[in-house]
Amino acid sequence: MFIDCSSKDDFKLSKTMLVKIHPKSAKKKKKKSKSKKKKQPPQQTDPPTIPVSELFPSGEFPEGEIQQYKDDNLWRTTSEEKRELERLEKPIYDSVRQAAEVHRQVRKYMKGIIKPGMPMTELCETLENTVRKLISENGLEAGIAFPTGCSLNWVAAHWTPNSGDTTVLQYDDVMKLDFGTHINGRIVDCAFTVAFNPMFNPLLEASREATNTGIKESGIDVRLCDVGAAIQEVMESYEVEINGKVFQVKSIRNLNGHSIGPYQIHAGKSVPIVKGGEQTKMEEGEFYAIETFGSTGKGYVREDLECSHYMKNFDVGHMPLRLPRAKQLLATINKNFSTLAFCRRYLDRLGETKYLMALKNLCDAGIVQTYPPLCDVKGSYVSQFEHTILLRPTCKEVVSRGDDY
């Protein structure tokens, strides 16, 4: 801009105008508005210590893998009525998804530290203490759903070390790591197999693919026997060569998946892993543990070895007890486990001592049930994979699915 400066007055005026319009003279500082940065949720530590609820402060936890139902149930996907049913069930879904996220994070950590030479007691206690931290253990509202199964080789299920056990994990072991988490009694039951020797890979692949087949075949109005037939067909299409000898992988015919209820790990329906079995149908809203066991042995298990797993019977009413020690132990069980499974190590942790006679008394009275280890023939190998699925009104959700399996 140019200013005419032909007189002194004009010059003064022009200076005044220059002060007003020259950009350098406009020194009024504008306060910069500090943009408030959104506080990001914390990232998980290594080893994991931050509760999952703090990692997802909104209370929205990751959804599991979604699978559509087969053709005759495809209409459910777009049904507004079914969607509304799901909106009503959201608190339940949030609980089980939180439990599933804890399971994923714990197993990811454990896979990174499990190695040959690790004592089995240390392995279990590390896993369980990590679950307690990540799930913010709180009495019967949140915690471990059942004892950590770490069954080795021909032992298929229900083995965890009792206090004083000195078993150490070996390079040639096949270990089934089966553990559960729960929020408000909504249980996630999920398992995988660890083997260091690559010779066992086909055995692991057999049970992994059989489990995925069982999940794929499951659905509303599907007959349980049809799921079992599909699982067996896939499982027994595998062979594994162990130390120069070839074995056909067999489905263990007297082990099953199962329905899951609130605070009830086995809610009444069994999902076979061989053909035959129940004509009963799966129903909308049900939770199922789809688990398969592949064996190089007889494909049949029996109870053997020292018992470590116990569970109060779900439907038991008031039972008179004579032994004061048994009454005291039952009070501990009711307070800390209710109808969730527990093991001797958990009683030891709570400060219970000299309780074996009282525990036997509760078992003899039918209040508590024993679950001894389940074993195929000695020298054989068993692998297991398991997921928890939810038959939602509109779709099937594999709630425990992760990047690993």
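The structure places CD1 of Ile333 at 6.0 Å from CG of Leu359, a figure rounded to the nearest 0.5 Å. Separating the CG atom in Asn197 from the CE atom in Met199 is a distance of 4.0 Å, to the nearest 0.5 Å. Between the CD atom of Gln384 and the OG atom of Ser295 there is a distance of 12.5 Å, given to the nearest 0.5 Å. For the atom pair NZ of Lys269 and CG of Leu224, the computed distance is 6.5 Å after rounding to the nearest 0.5 Å. With rounding to the nearest 0.5 angstrom, the CD1 atom of Ile66 is 4.0 Å from the SG atom of Cys395. Between Ser380 atom OG and Ile252 atom CD1 the span is 7.5 Å, to the nearest 0.5 Å.
Between Glu283 and Leu391 the shortest side-chain heavy-atom distance does not fall below 4.5 Å. By the 4.5 Å heavy-atom criterion applied to side chains, Glu128 and Tyr346 are counted as neighbours. Residues Glu303 and Thr370 have side chains not in contact (no heavy-atom distance under 4.5 Å, counting atoms from C-beta outward). Side-chain contact between Leu152 and Leu169 is present, with heavy atoms from C-beta onward closer than 4.5 Å. Counting only heavy atoms from C-beta outward, the side chains of Thr213 and Val227 never approach each other to under 4.5 Å. Taking the side chain as every heavy atom from C-beta outward, Trp159 and Cys150 approach each other to under 4.5 Å. Residues Val168 and Glu122 have side chains not in contact (no heavy-atom distance under 4.5 Å, counting atoms from C-beta outward). Side-chain atoms of Gln170 and Pro116, non-hydrogen and from C-beta on, never get closer than 4.5 Å to each other.
Looking only at distances, no side-chain donor or acceptor of His387 sits under 3.5 Å from a matching main-chain atom of Ile215. Checked by atom type and distance alone, the side chain of Thr339 pairs as donor or acceptor with a backbone atom of Tyr263 at under 3.5 Å. No donor-acceptor pair under 3.5 Å is formed between the side chain of Lys275 and the backbone N or O of Glu233. No donor-acceptor pair closer than 3.5 Å links the side chain of Asp404 to the backbone N or O of Lys108. Put simply, the side chain of Glu284 never gets that close to the backbone of Ile220: no donor and acceptor are under 3.5 Å apart. Between the side chain of Asp376 and the backbone N or O of Lys298 there is at least one donor-acceptor pair closer than 3.5 Å. Distance alone, capped at 3.5 Å, is enough to place a donor-acceptor pair between the Ser400 side chain and the Thr388 backbone. When atom types are taken as modelled, the side chain of Gln44 and the backbone of Ile50 share a donor-acceptor pair closer than 3.5 angstrom. Between the Lys250 side chain and the Gly297 main chain, a donor and an acceptor come within less than 3.5 Å of each other.
Residue Asp364 places its CG atom among more than 12 non-hydrogen atoms of other residues, nucleotides or ligands, all under 6.0 Å distant. Other residues, nucleotides and ligands contribute over 12 non-hydrogen atoms within 6.0 Å of the CE atom of Met319. Taking a 6.0 Å sphere around CZ of Phe247, one finds it holds more than 12 heavy atoms contributed by other residues, nucleotides or ligands.
Remark: the Gln68 side chain and the Thr77 side chain contain an N/O donor-acceptor pair separated by less than 3.5 Å. A donor and an acceptor atom, one from each side chain of Tyr93 and Glu86, are nowhere located under 3.5 Å apart. A donor-acceptor contact closer than 3.5 angstrom is absent between the side chains of Thr193 and Ser383. Looking only at atom types and distance, the side chain of Thr292 has a donor-acceptor partner in the side chain of Thr211 under 3.5 Å away. Side chains of Glu286 and Ser259: a donor-acceptor N/O pair is absent below 3.5 angstrom, by distance only.
Cation-pi check for Arg107 over Tyr405 is met; the charged atom lies under 6.0 angstrom from the ring centroid and within 45 degrees of its normal. For the pair Lys176 and Phe293, the cation-pi test (distance below 6.0 Å, angle within 45°) is failed. At least one test fails for Arg208 against the ring of Tyr238: distance under 6.0 Å to the centre or angle within 45° of the axis.
Nearest heavy-atom pair across Leu321 and Ala365 is CD2-CB, 4.3 Å.
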What verdict does the side-chain contact (heavy atoms from CB on, under 4.5 Å) test give for Val194 and Met175, after you've listed the backbone C-alpha separation in whole Å, the side-chain angles of each residue and the deciding distance to 0.1 Å?
CA-CA 5 Å; Val194 175; Met175 176 179 67; 4.0 Å; yes

Test side-chain contact (heavy atoms from CB on, under 4.5 Å) applied to His258 and Asp189, step by step:
CA-CA 10 Å; His258 47 89; Asp189 184 0; 3.3 Å; yes

What do the steps show when you test Glu352 against Arg325 for salt bridge (Lys or Arg N to Asp or Glu O under 4.0 Å), and what is the final call?
CA-CA 11 Å; Glu352 290 288 342; Arg325 185 68 182 91; 2.7 Å; yes

Take Glu209 and Lys216 through the test salt bridge (Lys or Arg N to Asp or Glu O under 4.0 Å) and record every step on the way to the result.
CA-CA 10 Å; Glu209 287 308 305; Lys216 184 181 175 183; over 6 Å; no

side-chain contact (heavy atoms from CB on, under 4.5 Å) evaluation trace for Asn212 with Phe385
CA-CA 9 Å; Asn212 286 334; Phe385 278 86; over 6 Å; no

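Aromatic rings from His182 and Phe146 are positioned such that their centres are separated by 6.0 Å or more.
Look at Glu63 and Arg392 and you find a salt bridge, because one of the NZ, NE, NH1 or NH2 atoms lies within 4.0 Å of a carboxylate O, short of that distance. Between Arg87 and Glu80 a salt bridge is recorded (basic side-chain N to carboxylate O distance below 4.0 Å). Contact check on Glu217 versus Lys396 returns no salt bridge, with no Lys/Arg side-chain nitrogen under 4.0 Å from an Asp/Glu carboxylate oxygen. Using a cutoff of 4.0 Å between basic side-chain nitrogens and carboxylate oxygens, Asp348 and Arg344 are not scored as salt-bridged.
The aromatic rings of His158 and Tyr371 stand perpendicular to each other, their planes meeting at an angle above 60°, with 30° marking the opposite boundary.
The residue from Glu60, Glu65, Glu397 that alone fulfils the salt bridge (charged side-chain N to carboxylate O under 4.0 Å, His left out) condition with Arg97 is Glu397. Between Arg345 and the choices Thr148, Thr121, Thr160, Asp165, the side chain to side chain donor-acceptor pair (under 3.5 Å) rule is met once, by Thr160.
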